[in-house]
Amino acid sequence: MTEADAAPAARRRFLGLAAAALAAAAAAPLEAQPVGTSARILILGAGAAGITAANQLARRVEGAAITLVDPRREHLYQPGLSLVATGLKPEGYVLSRTREWLPAGVTLVEEAVAAIDPEARRVTTDAGRALGYDFLIVALGLALDDDAIEGFSRDMIGTNGLGALYGGPQDAARTWAAVSAYAEKGGLAVFTRPATEMKCAGAPLKHCFLVDDIASRGAAGARREILYAANNKALFSVPIVSEKVRMLFETRRIGAVHDHVLKAIEPGRRIATFATPEGDVEIGYDYLHVIPPQRAPRPVRESGLSWADRWTDQGWVEVDPHSLRHRRYPEVFAVGDVAGVPKGKTAASVKWQVPVMVDHLVAALQGREGTARYDGYTSCPLITRVGRAMLVEFDYANNLAPSFPGVIAPLEELWISWLIKELALKPTYLAMLRGDA
Amino acid sequence: MKDLTLGMVIAVWEEMFGPALFWGMAGAAAVVTLLYLYVLIRDRRVSWRKFLLAQLAMPFGAAAAVGFVWRITHSGLRDVGGPVDVIVLMGVAAAGAVGAAVLVYTAQSLVRRPAAEE
């Protein structure tokens, strides 16, 4: 072979190698060497945050004893509850088995957390089992405080025009029963939201828009009146989004009242009582959507891990908002709904929080400081009717943070944003659980 | 989405359809494409008669693809809200049209050898 022949051949080989390397890099995102450790890592809660953390940690550390504590056999895909509550998906859409998502080598303790003692670094379960830890990840989600709404209990959902979709797939399915009855009969539908921090603050709006749309296509048609009762002066915490929602409400003739916090219901008479700055206000309804106040689960509120000067009635864990690490107990982290950060109790928050938390935890195992930083990114495919949504993404500073700038406009009602919610979100979520996305 | 990699996209598709169906569909698409290339190379020319019939299949492929997407997503034409939606809709239709054309052309070529026609 002459030198002239050899050069192109070598070049081809090189290009081939480069292409192969590119393909490999694309297929397998940069995976660092696992860090060897014998640390005991305890994860409380097998929801979105807990399972994602378990899978990501299982890939990043070797030799650690990773234990996950949660009594629930079933895992819920909670972003799907809005769709179940409006008859767009069946109950089974949100259900899977917790064990399906667990990586090999992670121990699942199917017991409920009864107490957390961060001083003794020990967690006790309801079965009396004591679990010590070197690192603790609190991912216990939140608790719905049904008792805070006088006259309300979960067994009423689906009857007397009462909906409440947050409690799980059964509650969401029964909410759909109430919604479909309303779509036939019409009248006044009232949508509420609590004065506490809450899971997916866009969900009350989505439910309102969807019920309006479904009723407009049903027999109710023009006989429907929709009222959104906001807990404060805004319709959404991000001002630019709130303003857009106000405009949509105007176009759809959806009424809004502000500073209305639901405190009691009389299901038989279909009357809701709201606390307002001017005193209690009674509103009669044909359909009412109840979202109870939301707080950190009791073992968290009693653990001493909560903020002492913020959200004192709610008890979210006192973490640094950018690292998710506890501000007083450096071996403790909190991710997901239970984390005391200013924004975002959503699956999208989990997707962005967990890698940051894992970075800081793995760095601690190596005796250094982590560098990853969470800026509060979260996202809400804000459904505005069946078939359209706005892909709203934002951060702690209320800045819009669009993933596809110039392509998917965040404040425009688009079919593609609906397709993302209907088709791509659950697979993305499940890939996240496995630690793949 | 930050750090969107091919691996991540494949993981999402696997979850969307289930690994078996996803790789089955990807495999079927690959097989049809390879067979299409095979008949082109075997015959060393494009048969315009077969191509005509293949072209006739294109509107049906386009309509079927769009109809399929609308059905599984509870949506319809009224939901198109912006330029990107028109692009997505045309993309779905184009994919359906090209898919149908390639399929029909390949099927004809495999069934009828070039010697048997014209």
Side-chain angles (χ1 to χ4, degrees), chain A residues 22-31 77 83 86-89 96 210 213-214 348 351-352 355 377 379 384-391 393 401-404 406-409 411-437, chain B residues 1-27 29-30 33-34 37 61-97 99:
Chain A
L22 203 69
L30 258 137
E31 206 107 302
Y77 167 62
L83 301 177
T86 41
L88 294 162
K89 297 282 182 195
S96 60
L210 281 172
D213 184 36
I214 290 165
K351 184 168 172 343
W352 265 258
Y377 171 91
S379 121
T384 55
R385 73 175 202 208
V386 180
R388 275 194 190 171
M390 300 191 295
L391 190 58
E393 300 164 278
S403 290
F404 311 97
V407 180
I408 301 182
L411 298 179
E412 214 171 289
E413 292 179 83
L414 294 172
W415 180 51
I416 190 174
S417 302
W418 169 260
L419 294 185
I420 288 172
K421 168 81 185 172
E422 265 250 325
L423 290 180
L425 223 60
K426 187 177 170 192
T428 309
Y429 174 92
L430 298 179
M432 170 189 88
L433 286 190
R434 290 190 203 277
D436 289 336
Chain B
M1 319 244 163
K2 69 174 180 186
D3 307 331
L4 190 71
T5 63
L6 184 64
M8 212 184 277
V9 172
I10 289 175
V12 167
W13 280 337
E14 278 187 349
E15 295 291 352
M16 197 183 282
F17 301 106
L21 182 60
F22 167 66
W23 288 110
M25 289 194 307
T33 307
L34 285 175
L37 293 174
V66 169
F68 175 71
V69 171
W70 279 345
R71 208 171 66 85
I72 62 167
T73 62
H74 306 97
S75 53
L77 187 61
R78 74 190 275 265
D79 297 317
V80 169
V84 64
D85 291 345
V86 178
I87 294 168
V88 170
L89 194 65
M90 291 196 314
V92 171

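Given the structure is predicted, the values throughout are model-derived calculations rather than measurements. Every chain is numbered from 1 and lettered A, B, ... according to where its sequence line falls, protein lines coming before strand lines.
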*Would you mind checking which part of A/Glu412 comes under 4.5 Å of any heavy atom in chain B, side chain (CB onward), backbone (N, CA, C, O), both or neither?*
side chain

*Between B/Ile72, B/Val69, B/Val80, B/Ile10, which shows the greatest number of heavy-atom pairs under 4.5 Å with chain A?*
B/Val80

*How many angstroms lie between atom CG of A/Leu88 and atom OG1 of B/Thr73, to the nearest 0.5 angstrom?*
10.5 Å

*chain A contact via B/Leu89 - side chain, backbone, both or neither, heavy atoms under 4.5 Å*: both

*Could you check if a side-chain atom of A/Trp415 sits within less than 4.5 angstrom of a side-chain atom of B/Val88, using non-hydrogen atoms only?*
yes

*Side chain, backbone, both or neither of A/Leu419 within contact of chain B (heavy atoms, under 4.5 Å)*: side chain

*Where A/Gly387 and B/Ser75 come nearest, the two heavy atoms and their spacing*: CA-CB, 4.0 Å

*Which heavy-atom pair separates B/Arg78 from A/Arg388 by the least distance, and what is that distance?*
O-NH2, 3.4 Å

*Heavy-atom closest pair, residues A/Leu414 and B/Val84*: CD1-CG1, 3.9 Å

